[in-house]
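These notes are about the structure you will find just below.
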Protein chains: 2
Amino acid sequence: MPTIRDVARAAGVSTATVSAVVNGSAYVSPRLRTRVLSAVSALNYTPSLAAQTLKRGRSQLVALVVADLANPFFGRVVCAAEAAAAAWGYALVVCNSDEKPEKERRILGRIRTLSCDGVLVVPVGAAWPPEAEAMAVPTVQFGRVVEDGRSDSVSIDNVAAASQVTDYLLDLGHRRIGSITGPLHLTTGRGRLDGMLQAMRARGVAPCPGHVRSGEFREDAAYSVAREMLDRPGRPTALYVASGVMALGVMRAVTDLGLRCPDDISIASTDTIPGIGGLRPRLTRTEHPVADMVNEALRLLVDRMTRDAQASPRHVVFRPAMILGDSCGPAERAVAGAAP
Amino acid sequence: MPTIRDVARAAGVSTATVSAVVNGSAYVSPRLRTRVLSAVSALNYTPSLAAQTLKRGRSQLVALVVADLANPFFGRVVCAAEAAAAAWGYALVVCNSDEKPEKERRILGRIRTLSCDGVLVVPVGAAWPPEAEAMAVPTVQFGRVVEDGRSDSVSIDNVAAASQVTDYLLDLGHRRIGSITGPLHLTTGRGRLDGMLQAMRARGVAPCPGHVRSGEFREDAAYSVAREMLDRPGRPTALYVASGVMALGVMRAVTDLGLRCPDDISIASTDTIPGIGGLRPRLTRTEHPVADMVNEALRLLVDRMTRDAQASPRHVVFRPAMILGDSCGPAERAVAGAAP
DNA sequence: CAAATCTGGCAAAACGGTTAGGCGCCGCTC
DNA sequence: GAGCGGCGCCTAACCGTTTTGCCAGATTTG
């Protein structure tokens, strides 16, 4: 790998001049400029980012820490983040905390040594790890929010999303509505459950205790919870499911139990996953503008990295859109079949 | 951020000693060792990777360049690669070439300036870009293979996979078998088509010209090709589809055309996507051991990075496994319905 | 015409680590 | 007790950039 010194020697100038030409940071006479540029392309020179990082204190690296890379939802996040980071001229380092706070801590440490300029993180725990607190890297939380009094955040209005979906089920006449939501220490878990309960309460409908369940945001977890809930008498006539992957698991459970959707049970979810459009029946759900959210998150991050790192935290909340499929039907039919 | 000098001052030793303690690269007396370690944790010191990179010439960075991040298949690749890279102690930089050779070139240049220690790449073009040739970074090609006489590669036996699937359809009695495969300048496109044709030829079955189609590895592309192919008289009784996302698109087209699978048409594919298990009918397909393949690719890459960069290229080919679903039926039923 | 100003380019000092080489000091040998 | 290794630590050079002075020459100014 040729260095700036090789280029300087080849062009018969100093390294300062080469640097000035390459970065356009100072005026250089046309004569020297062309000499330098031809030496650059002759040697196929590229400045070393490591050296630049050392000198400038900026690495042009942004880290993305997701909670579960195997979840297609986060696949979309990675995809959008890569595009946004590239557009801003940053390279994206992807890490997977796998829903484990301890792994998240290790990763945040590593990010510090990598001297990333910023971090986009889907936090895993209920609280922000103290050592991350100390790490003075601009941070934007994505999707989930844990208060730390410093980071920006970009999230969806979980309560609104869930109550919107629940309202829809209530409108269809359902009263025995079950729910499978995510871990309650996460805002995406707690908030969606609250939204659902809130909508029920607003109509004076009391949820049946055994029908309100929560588990991990995973296909298999949702499958087994659904299977258990639906396999006993007095099963709900409608089910609110908190996420796209979970809905997939629930659908599978429904099929495996020999139930038909929406005839025997209505299913609706907040959030979705790519490719779910091919699934029949088409899922009634909310769609979250992941790409827009990621773009906004990167905008906030870049702003904080390049402008004011000390600005007071900003919290952007997006609103979901409801998409009607055909996975929900009127309550009457289902009630008959589900009666104990 | 505290530097090694701060630690040295706090512990009353030289930077060399701090370095020796932190890296365990030389013997240091217990007394000083503890002094250094407590200074390290008191200051919360982490060595700067940029400085280490500069000095050691290794960045502990591995780049992954995928052809289409939006494709869930590559989502799995990213997931597996992150895990493998982390296990080897590397951070993963993810880039998306978006099937554009020009973008791939830009990315490879960027990787050079990042001084990544190695690259895992899903090549986009029919040939290896010359400037990438020049870039002396250890490279492993993943999935697709373009000869460059230098990189290792890890791929699946596309021909075997496709002919296995086609054989299955032939065994069911199908003769009018259509195919939707990927771009023919890619080994994953060409190879799978060849495998399919080979299997047909071996049974003396001539494919109907209009039924052999290829397009991009995308859901919407497959949807429109399938829709067009299936909407005219004399449609095939069975369809071989080259990839999981494409199968999703084909399934959607089948449903939208009011056809039933497998009653009206049998569908089988090579490769799959996560979550397809929830789809009904269950797709008959091959499964590719993506995680194993990625692990092997990283093993090769690490080997080349840490041992012999000049070793002659190794090409590892994996074999797919066939998974029987219920998306295929005997030919008789379908033939009746599809007759012109 | 001397002095002041400007201009384009260079030398050298960082940035934060690693590491080769050197140098006391201790204990051993004869 | 002088000579001698070896141990334990330090000094300093170096990795490839950026950037701050600074300098020589050209140009303008009084």
Side-chain angles (χ1 to χ4, degrees), chain A residues 1-37 39-40 43-61 109-117 135-137, chain B residues 1-37 39-40 43-61 109-117 135-137:
Chain A
M1 287 276 289
T3 76
I4 199 173
R5 258 177 276 274
D6 298 326
V7 176
R9 202 172 312 126
V13 299
S14 76
T15 62
T17 306
V18 177
S19 177
V21 168
V22 170
N23 298 306
S25 52
Y27 181 81
V28 176
S29 69
R31 254 174 52 81
L32 289 200
R33 161 186 302 282
T34 50
R35 285 231 306 269
V36 168
L37 287 179
V40 163
L43 297 177
N44 192 18
Y45 164 76
T46 318
S48 146
L49 209 87
Q52 286 186 337
T53 300
L54 191 56
K55 187 61 192 175
R56 295 186 177 160
R58 285 170 294 125
S59 63
Q60 301 289 89
L61 245 41
R110 184 147 190 80
I111 284 172
R112 214 171 69 113
T113 88
L114 272 171
S115 58
C116 290
D117 294 342
M135 165 183 98
V137 180
Chain B
M1 287 274 289
T3 76
I4 200 173
R5 261 174 269 271
D6 298 327
V7 176
R9 201 173 312 125
V13 299
S14 76
T15 63
T17 305
V18 177
S19 177
V21 169
V22 170
N23 298 306
S25 54
Y27 180 81
V28 175
S29 70
R31 254 174 53 80
L32 287 200
R33 161 185 303 282
T34 50
R35 285 230 307 269
V36 168
L37 288 179
V40 163
L43 296 177
N44 192 18
Y45 165 75
T46 316
S48 145
L49 209 87
Q52 292 193 135
T53 299
L54 192 55
K55 185 61 190 176
R56 300 192 189 168
R58 286 169 294 127
S59 63
Q60 301 289 87
L61 245 42
R110 183 147 190 79
I111 284 172
R112 211 170 71 114
T113 88
L114 272 171
S115 59
C116 291
D117 295 341
M135 165 183 98
V137 180

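Atoms CZ (B:Arg5) and P (D:dC10) sit 14 Å apart, rounded to a whole Å. Summarising the geometry, the separation between NZ on B:Lys55 and C1' on D:dC14 is reported as 4 Å, rounded to the nearest angstrom. The CD1 atom of B:Ile4 sits 15 Å away from the P atom of D:dC9 (whole-angstrom rounding).
Side chain of B:Val13, nearest nucleotide from C:dT18, D:dC10, C:dC15: D:dC10. Each of D:dC10, C:dG8, D:dT17 was ranked by its minimum atom distance to the side chain of A:Ala51; first place goes to D:dT17. Comparing atom distances between the B:Ala16 side chain and each of C:dA12, C:dG8, D:dT11 picks out D:dT11 as nearest.
Look at A:Ser48 and you won't find any side-chain N or O under 4.0 angstrom from OP1 or OP2 of D:dG16. Within the 4.0 Å cut-off from OP1 or OP2 of C:dT18, at least one side-chain nitrogen or oxygen of B:Ser19 is found. Put simply, B:Tyr45 has a side-chain N or O that comes within less than 4.0 Å of OP1 or OP2 on C:dG17. At D:dC10, one or more side-chain N or O atoms of B:Thr17 fall inside 4.0 Å of OP1 or OP2 (strictly under the cut-off). Between B:Ser29 and the phosphate of D:dC9, there is a side-chain N or O to OP1/OP2 separation shorter than 4.0 Å. Of the side-chain N and O atoms in B:Arg56, one or more sit less than 4.0 angstrom from OP1 or OP2 of C:dT18. The phosphate of D:dG16 (OP1 or OP2) has no side-chain N or O of A:Gln52 nearer than 4.0 angstrom. One finds no side-chain N or O of B:Thr3 lying less than 4.0 angstrom from the OP1 or OP2 phosphate oxygen of C:dG16.
Minimum heavy-atom separation, B:Pro2 to B:Leu43: CG-O, 3.3 Å. Smallest separation of non-hydrogen atoms from A:Asp6 and A:Met1: OD2-O, 4.4 Å. Between A:Thr46 and B:Arg112, the closest heavy-atom pair is OG1-NH2, 2.5 Å.
In this structure, B:Val28 reaches the sugar-phosphate backbone alone: every heavy-atom distance under 4.0 Å involves primed, P, OP1 or OP2 atoms, never a base. Among the protein residues, A:Ser115 comes within range of no part of the nucleic acid, since none of its heavy atoms lies under 4.0 Å from any strand.
Remark: B:Thr53 OG1 to B:Gln60 CD distance equals 7.5 Å, nearest 0.5 Å.
Partners of A:Arg5 under the salt bridge (charged side-chain N to carboxylate O under 4.0 Å, His left out) rule, at least two apart in sequence or in another chain, do not exist in this structure.
For B:Met1 and B:Ser25, each mapped to the nucleotide of DNA chain C holding its nearest heavy atom, the one lying further toward the 5' end belongs to B:Met1. Across the interface with DNA chain D, nearest-nucleotide mapping of B:Gly12 and A:Asn23 shows B:Gly12 to be the residue nearer the 5′ end. Judged by closest nucleotide on DNA chain D, B:Arg31 is the one of B:Leu54 and B:Arg31 placed further toward the 5' end.
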